[in-house]
Each structure stands twice: as C-alpha cells, then as structure tokens.
*Asks:* 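Here it is: the structure, laid out below.
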Amino acid sequence: MSRRLVIDLACLATFALMPLVAALFDEPFLVSLFTRLAIYGMAAASLDLLIGYGALVSFGHAAFFGLGGYVVGVIAFHSSQMLPLWGWEGSNSALVVWPLALLCCALLGLVMGYLSLRTSGVQFIMITLAFSQMLYFILGSLSFYGGDDGILMNERNTLPGLDLNDANQFYYLCVALLVGWLLFCRRLVDSRFGFVLRGLKQSERRTVSLGLKPVRYRLTAFVIAGLGAGLAGILWANYALFVSPDMAAWQKSGELMAMVILGGVGTLLGPVLGAAAYLGLEQLLSLWTEHWLLVFGPLLLLVVLFGRQGLYGLLMSGAGKPRKAKAPRPAKAIKPQEVHP
C-alpha cells in the first residue's frame with residue numbers, strides 16, 4: 001500500500017469518525033470546527049487547481065466565495081420577507097438556489113477570467129485582486145441587504161432526504177461534497193485537459209507550437225476553480241447562517257492562499273491539510289494572544305523555506321527529507337562488431 005493511499009485513507013477516516021469522537025468526548029464544537037475545515041478545504045483546493053497546475057496566482061479567489069454565499073443570502077432574505085425578486089417569490093430549496101448561485105459564479109468566472117487572462121505575471125495578480133475588491137465594495141454598498149453588516153438567514157436551505165439543520169447531517173454533506181470535489185479535480189488534472197494545463201505551466205511556447213490555444217484551457221480552469229470556491233461559499237452561508245462583504249475581501253483570498261502554501265502547492269489534498277493547520281493554529285494561538293498572526297507568520301515562512309511541498313510533502317517524505325533520485329543507468333554502448341547489416 002502506497003504512502004499516498006495511507007494518507008488519503010487516514011484523512012477520510014478522520015472526517016468520517018469525527019462526529020463519533022465528538023459525541024464520545026462530549027465536544028460538539030469539534031463537528032463545527034471540522035465543518036469549517038471541509039468548507040475552507042474545498043475553497044483552498046479550488047485555488048490550488050489554479051496555482052499548482054495552471055501557474056495562475058489569483059489574488060481574487062474570494063470573489064467566488066463571497067458571490068456564492070451572497071446569492072444564497074439574498075434569495076433567503078427575499079423568501080423570508082415575502083418580497084418578490086424580479087417577480088420571483090424566491091425558494092429555500094437547495095436544488096433551486098445552489099445551481100443558481102453556481103451559475104452566477106460561472107458567469108463571474110467567464111468575465112473575470114477572460115479579462116484577467118489577457119495579462120500575466122504580476123499584472124494578472126493585480127487585476128484579479130481588483131475584481132475581488134470591486135465585488136467587495138459592491139456588496140458593501142447594498143444597503144437594502146444590510147450593507148457592511150451583511151445578511152442574517154433564518155434557516156438553512158432544504159435538501160430532499162436530509163435535515164440540514166442537524167449538525168451531523170450537514171457535516172457529512174460538506175464532507176461528501178469535499179470528497180467529490182477532490183475526486184473530480186484529480187480526474188481533471190490526470191486527463192488530457194490537465195496535461196495541457198500543466199504543459200502550459202512548464203512551457204507555454206512549446207504547448208502553443210502543438211496547436212493548442214492557452215486562453216481556452218486557462219479560462220476553463222479559471223471557471224471550474226471559481227465554481228469550487230462558489231460551492232464553498234454556498235456551504236458557508238448555510239453553515240454560518242450569515243453572509244457579509246468580508247467573504248469577498250482580499251484578506252479572505254490571502255487566507256486561502258496561505259492554506260494552499262501551508263498544505264502544499266499542486267497536491268490537491270495538501271490545501272485541505274493546510275486548512276486544518278490554519279484553522280487549528282487560529283483556535284490554539286488565539287487563546288494565547290489576539291495577535292496570533294505574529295506567531296503564525298514565522299511558522300508559514302518556515303514551511304515555505306524548509307518544507308517540501310508543504311505539510312503534504314512532509315508526510316509523503318516521512319522525515320521531511322527529499323528522496324534521492326536514482327541515477328539512470330548509462331546506455332550500453334554498441335560495439336562495432338555487434339552491428340549487423
């Protein structure tokens with residue numbers, strides 16, 4: 001059994017058994033904490049799809065997280081207040097609200113990606129940041145929906161066969177969606193599309209010479225990553241029963257990027273571990289001091305300087321030392337007498 005499979009099964013078992021552990025030790029807070037972990041892990045893994053496999057360092061990924069949550073919050077507001085939204089009475093069904101929220105995230109990804117991908121490097125980082133801040137200020141200016149104070153939701157969305165108001169059922173839904181998202185991303189990066197995306201990361205000129213169009217593949221990856229972050233925002237709105245413009249702020253994008261770097265860029269499961277480390281350190285260090293970021297910053301710096309692909313790389317390499325690659329055997333020289341006409 002490979003070490004990667006052991007790590008994957010250990011993470012899956014931890015998520016699966018957490019409600020039982022919480023009930024055993026009478027700590028329901030653990031279920032709430034791991035629900036946050038699953039949601040942020042999904043958002044971080046979607047960002048890793050861009051950074052780790054497409055070399056697209058987006059500093060505006062929180063825009064999708066915020067938009068997905070706000071679509072749920074706005075529809076819930078109109079549904080609870082009995083106020084028609086463009087003639088629509090609203091709905092509390094997840095089968096209606098969630099696809100609509102994902103559609104809005106896809107449209108934002110198309111516009112944001114098409115304009116951002118006309119640039120590269122630092123310019124790409126800054127224009128994605130600009131889009132995220134534009135959405136942040138737009139959401140903050142919606143005084144009808146609470147402005148900077150955000151929107152409070154009365155209840156979670158409904159899903160046939162599940163009671164999302166039950167903490168354990170909602171937790172397992174978040175875990176199932178996280179596992180499904182990771183499996184989808186793994187299949188994606190191992191497909192022809194993923195190979196082209198990684199080829200663009202290594203050498204765009206070589207990929208273009210093969211007749212492939214970089215913008216088409218990168219834009220598709222940008223939209224898919226936005227859908228992952230949007231789904232995480234939808235789950236967060238249902239988890240917290242509250243949405244605010246801070247969900248789309250640049251600080252949220254910074255948190256997601258820190259999770260990706262801490263867990264391991266280009267590993268998919270690594271960002272989930274990074275989210276666990278980030279949220280765990282936040283809980284522990286905040287009990288000690290309110291300036292916990294002053295301690296977390298140097299820890300993140302040490303991981304970047306000495307860690308091999310972050311926490312996931314440290315687990316894969318055992319003691320954290322990179323494995324020595326075996327030198328290839330030299331090709332056997334062909335003697336002249338061995339050459340036959």
Side-chain angles (χ1 to χ4, degrees), residues 15-16 18-20 22-23 28-43 45-46 62-109 139 142 144-146 149-184 224 226-248 252 275:
F15 275 109
M18 187 49 58
L20 299 178
F29 172 72
L30 290 175
V31 176
S32 177
L33 177 62
F34 272 73
T35 303
R36 292 177 58 198
L37 195 163
I39 295 172
Y40 274 102
M42 182 184 300
S46 66
F64 304 102
F65 186 78
L67 181 62
Y70 248 84
V71 172
V72 174
V74 168
I75 295 177
F77 173 81
H78 283 271
S79 179
S80 62
Q81 299 295 327
M82 302 298 291
L83 296 174
L85 179 63
W86 296 318
W88 180 42
E89 296 295 335
S91 174
N92 197 41
S93 173
L95 298 179
V96 176
V97 178
W98 293 11
L100 184 60
L102 292 176
L103 177 61
C104 293
C105 291
L107 293 177
L108 176 64
L139 296 178
L142 300 177
F144 184 72
Y145 298 112
D149 296 328
I151 305 173
L152 283 172
M153 297 172 54
N154 295 329
E155 58 181 348
R156 292 172 178 169
N157 296 135
T158 59
L159 198 62
L162 293 175
D163 180 13
L164 299 188
N165 291 313
D166 181 77
N168 288 339
Q169 292 191 37
F170 182 71
Y171 166 77
Y172 280 119
L173 174 64
C174 293
V175 171
L177 291 176
L178 171 62
V179 173
W181 174 251
L182 292 177
L183 292 176
F184 168 75
I224 292 174
L227 289 174
L231 180 57
I234 292 170
L235 295 176
W236 178 262
N238 281 272
Y239 164 74
L241 293 177
F242 173 73
V243 293
S244 71
D246 291 337
M247 294 176 63
K252 188 66 65 178

*Asks:* Any donor-acceptor pair under 3.5 Å linking the side chain of Asn157 with the backbone of Val97?
*Replies:*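 Not at all, since once roles are kept as given, no pair shorter than 3.5 Å links the two residues.
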*Asks:* Taking only distance into account, with no hydrogens and no angle test, what donor-acceptor pairs under 3.5 Å do side-chain atoms of residues 28-35 form with protein atoms, sequence neighbours excluded?
*Replies:*
| residue | atom | partner | partner atom | Å |
| --- | --- | --- | --- | --- |
| Ser32 | OG | Tyr239 | OH | 2.6 |
| Thr35 | OG1 | Val31 | O | 2.7 |

*Asks:* Do Leu95 and Leu159 come within less than 4.5 Å of each other through their side chains, counting heavy atoms only?
*Replies:*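 Result yes, sub-4.5 Å side-chain heavy-atom pair found.
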*Asks:* Is there a side-chain contact (heavy atoms from CB on, under 4.5 Å) between Ile39 and Phe65 once you walk through the steps?
*Replies:* CA-CA 10 Å; Ile39 295 172; Phe65 186 78; 4.3 Å; yes
*Asks:* Please check: side-chain N/O of Ser80 versus main-chain N/O of Ala76, any donor-acceptor pairing under 3.5 Å?
*Replies:*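 It does hold such a pair.
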*Asks:* Distance from Leu231 atom CG to Met42 atom CE, nearest 0.5 Å?
*Replies:*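 One finds 4.5 Å between CG of Leu231 and CE of Met42.
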*Asks:* Please list all pairs meeting side chain to side chain donor-acceptor pair (under 3.5 Å) that have one or both residues in residues 63-76, counting only residues at least two apart or in different chains.
*Replies:*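 Sorted pair list comes back empty.
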*Asks:* Quick one: list whatever passes side-chain contact (heavy atoms from CB on, under 4.5 Å) with Ala23, sequence neighbours left out.
*Replies:*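 Not a single residue meets the side-chain contact (heavy atoms from CB on, under 4.5 Å) criterion with Ala23.
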*Asks:* Enumerate donor-acceptor pairs with a distance under 3.5 Å from any side-chain N or O in residues 167-174 to protein atoms, sequence neighbours excluded.
*Replies:*
| residue | atom | partner | partner atom | Å |
| --- | --- | --- | --- | --- |
| Gln169 | OE1 | Asp163 | N | 2.8 |
| Tyr171 | OH | Phe15 | O | 2.5 |
| Tyr172 | OH | Ala16 | O | 2.7 |

*Asks:* Contact between Met247 and Phe242 at the side-chain level, heavy atoms closer than 4.5 Å - yes or no?
*Replies:*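 Sidechains of Phe242 and Met247: no contact.
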*Asks:* Quick one: does Phe77's side chain get under 4.5 Å of Val72's, heavy atoms only?
*Replies:*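 They are not in side-chain contact.
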*Asks:* With sequence neighbours left out, what residues match Phe184 under ring pair (Phe, Tyr, Trp, His ring centres under 6.0 Å)?
*Replies:*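 If we apply the ring pair (Phe, Tyr, Trp, His ring centres under 6.0 Å) test to Phe184, skipping adjacent residues, the hits are Trp181.
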*Asks:* Given 3.5 Å as the limit, does a donor-acceptor pair link the side chain of Asn92 with the main chain of Arg156, or not?
*Replies:*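 Yes, because the side chain of Asn92 sits within donor-acceptor range (under 3.5 Å) of the backbone of Arg156.
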*Asks:* Mind checking what makes side-chain contact (heavy atoms from CB on, under 4.5 Å) contact with Ser91, not counting sequence neighbours?
*Replies:*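 Partners of Ser91 under the side-chain contact (heavy atoms from CB on, under 4.5 Å) test: Trp88, Ser93, Val96.
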